[in-house]
Amino acid sequence: MALSENEQLAPPRHIAIIMDGNGRWAKQRGLPRTAGHAAGAEAFRRIANYCRTLGVEYLTVYAFSTENWKRSQEEVEGIMRLLRRYLDEALRDMEKNRVRFRFFGDLSRLSPQLQKLCADAESRSEEYDVQVNFCLNYGGRDELVHAAKAFASDVAAGIHKAEDLTEELMASYLYSKDVPDPELIIRPSGEMRTSNFLLWQSAYSEYVIMNVLWPDFSPEHLDEAIAQFHRRNRRFGGV
Ligand code: IPE
Ligand code: IPE
Ligand code: MG
C-alpha cells in the first residue's frame, strides 16, 4: 500500500493550536456556549491523542486568553469547570498517559483550586517526554511584559547587566522557556489573526487557517494541516 504524504514526512516537532470556534459550533445547534466548550474539550482529547500517535513532541493549545475574561461570568465559570474536570482526569490517568504538562500564562488570576491542579499536573509529570503546553490566562503581550519585569528585577539584583540581553536570554524569561518555537500554528474557525497568541515564538511559524470549528476538528484535519505545512517553502529570511 502506498504511504500517504504524512506517513512519508515527519510531523513538526511542535504544533500549536488556537482552539477557536466553540461558541459558533454551539450556536449552530441552538445550544448554550458552554456546550460548545465541552465539545471543544472532547476535540482536544482526540487531537492530543492523535498528536502522540504521530510522534509530535510538543503540543501547545490556547485554552483561555487574557482577553477572555470579558465574557459573561457564566461562560467563564463554565470554561473553568471544564478545565478542572480535565485536569482531575489527567492527574488520575497520569501514569497511564505519560504526558508532561506545562502551563503558559499568568495563573495567579485563576482560582486557588485550579492553580493547585496546574501545579500538581506540572510537578507530577516532569519526567515524561511528550509535552502539552496549556495556555491559560495567556496573552503574548502579557508574557513579554512579565519577562521584561523579571529581567529588570534580575538586573537590579546584579544577576545580569542590561547589555547582556540577547534573544536567547530573553526567551529564557518567557513562559515557553526551554520549549522550541512551534513550526506550525493551526487556527480553526477561519479567523485570520493571532489574537495575542505566542507573539515572540511565532516569528517564523507557518500558520494554517482552517474553515472548521474546533469541536469538529478531526485527525483528518490535522493531517491536512501537516500536509499544507510540508508544502510551504520556509526561508527564514534567506533565499
Ligand atoms: C474558543 O472558542 C474557546 C475560547 C476562547 C475559550 P470561542 O468561544 O471563541 O468560539 P467562537 O469564536 O465564539 O465561535
Ligand atoms: C482566541 O480566540 C483565544 C482562544 C482560542 C483561547 P478568541 O475567540 O478569544 O479570539 P478573537 O476574540 O476572535 O480574536
Ligand atoms: Mg473565538
Side-chain angles (χ1 to χ4, degrees), residues 14-48 51 58-87 89-90 101-111 114-115 117-118 121 132-146 174-176 179 182 184-202 205-218 221-222 225:
H14 183 176
I15 296 179
I17 305 180
I18 301 175
M19 303 190 291
D20 195 20
N22 297 349
R24 278 163 279 180
W25 183 92
K27 191 167 183 205
Q28 280 177 356
R29 287 161 179 76
L31 296 169
R33 294 181 61 85
T34 310
H37 297 310
E42 283 309 312
F44 166 72
R45 288 182 177 86
R46 189 160 71 229
I47 296 307
C51 280
Y58 301 89
L59 172 65
T60 300
V61 289
Y62 205 2
F64 194 86
S65 77
T66 47
E67 287 74 45
N68 287 148
W69 298 105
K70 291 176 191 161
R71 299 183 179 202
S72 74
Q73 194 186 346
E74 187 193 354
E75 181 170 354
V76 171
E77 277 172 8
I79 294 169
M80 297 300 158
R81 197 177 326 114
L82 286 163
L83 285 166
R84 280 199 302 276
R85 190 179 303 163
Y86 177 76
L87 291 173
E89 190 185 289
F101 286 96
R102 284 267 301 268
F103 297 88
F104 296 175
D106 176 3
L107 304 188
S108 69
R109 212 178 147 182
L110 306 179
S111 71
L114 198 47
Q115 288 184 48
L117 287 170
C118 293
V132 172
N133 305 307
F134 261 102
C135 299
L136 284 189
N137 190 25
Y138 174 88
R141 289 183 172 182
D142 179 66
E143 179 177 39
L144 293 169
V145 168
H146 174 267
L174 302 177
Y175 297 128
S176 59
V179 176
L184 167 63
I185 299 182
I186 302 170
R187 183 159 193 165
S189 93
E191 306 296 354
M192 301 206 197
R193 53 178 170 259
T194 70
S195 301
N196 207 6
F197 190 45
L198 303 180
L199 297 184
W200 172 279
Q201 300 86 343
S202 64
S205 303
E206 295 297 329
Y207 256 93
V208 172
I209 311 292
M210 303 183 86
N211 278 317
V212 54
L213 301 172
W214 175 248
D216 290 328
F217 202 90
S218 66
H221 291 107
L222 192 71

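Every number for a ligand or one of its atoms is a count from 1 in the order of the listing. The first residue in the sequence is number 1, and the count goes up from there. Predicted model only: the values in this text are computed from it and were never measured.
Annotation: the span from Met192 atom CE to Arg187 atom CZ amounts to 11.0 Å, rounded to 0.5 Å. Distance CH2/Trp214 to CG/Asp20: 11.0 Å, rounded to 0.5 Å. Between Asn137 atom CG and Asp106 atom CG the span is 5.5 Å, to the nearest 0.5 Å. Taking CE of Met80 as the start and CD of Gln73 as the end, the distance is 11.5 Å to the nearest 0.5 Å.
Taking the side chain as every heavy atom from C-beta outward, Phe217 and Phe44 never approach each other to under 4.5 Å.
Between Tyr62 and ligand 2, no N or O atom pair is found at a separation short of 3.5 Å. Not a single N or O atom of Asn68, backbone or side chain, sits closer than 3.5 Å to an N or O atom of ligand 1. Taking distance alone, with nitrogen or oxygen atoms compared against 3.5 Å, Trp25 stays at or beyond that limit from ligand 1. Checked by distance only, ligand 1 and Gly23 come closer than 3.5 Å through their nitrogen or oxygen atoms.
Here the shortest heavy-atom pairing between Asn133 and Phe104 reads CG-CZ, 3.4 Å. Contact record, Phe101 with Ala90: CZ-CB, 3.6 Å, taken as the closest heavy-atom pair. For the residue pair Pro182 and Gln201, the shortest heavy atom distance occurs at CD-O, 3.7 Å. Between Ala225 and Ile186 the shortest heavy-atom distance is CB-CD1, 3.6 Å.
At a 4.0 Å cut-off, not a single heavy atom of Ser189 sits close enough to ligand 1 to count as contact. In this structure, Lys27 has no heavy atom closer than 4.0 Å to ligand 1.
Within 6.0 Å of the CZ atom in Arg45, the count of heavy atoms belonging to other residues, nucleotides or ligands exceeds 12. Annotation: Glu74, atom CD; neighbour count of heavy atoms from other residues, nucleotides and ligands within 6.0 Å does not exceed 12. Within a 6.0 Å radius of CZ in Arg85, no more than 12 heavy atoms belonging to other residues, nucleotides or ligands are found.
Atom 14 (O) of ligand 2 lies below 4.0 Å from at least one non-hydrogen atom of the protein.
If you check which protein heavy atom lies closest to atom 12 (O) of ligand 2, you get Arg193 NH2, 4.6 Å. Nearest protein heavy-atom neighbour of atom 2 (O) of ligand 2: Arg187 NH2, 3.6 Å. Scanning the protein heavy atoms around atom 11 (P) of ligand 2, the nearest turns out to be Ser195 OG, 3.5 Å.
Less than 2.8 Å away from the Mg ion (ligand 3), the protein contributes these N/O/S atoms: Asp20 OD1.
Residue Phe64 approaches ligand 2 through these ligand atoms, each under 4.0 Å from one of its heavy atoms: 6 (C). Per-residue contacts place Asn22 under 4.0 angstrom from the following atoms of ligand 1 (heavy atoms of the residue considered): 1 (C), 2 (O), 3 (C), 7 (P), 10 (O), 14 (O). Listed by number with element, the atoms of ligand 1 under 4.0 angstrom from any heavy atom of Ile79 are 6 (C). Shown in contact with Arg24 at under 4.0 Å from a heavy atom are these atoms of ligand 1, numbered in order with element: 11 (P), 12 (O), 14 (O).
Ser218 and His221 share a side-chain donor-acceptor pair at under 3.5 Å.
Under 4.0 angstrom from ligand 1, the non-hydrogen atoms of Ala63 all belong to its backbone. With a 4.0 Å heavy-atom cut-off, ligand 1 is reached by the side chain of Arg71 but not by its N, CA, C or O. Residue-level proximity to ligand 2 for Met19 is carried by the backbone, the only part with a heavy atom below 4.0 angstrom.
The ring pair (Phe, Tyr, Trp, His ring centres under 6.0 Å) test with Phe64 singles out one residue from Tyr138, Phe134, Phe103, Trp69, and that residue is Trp69.
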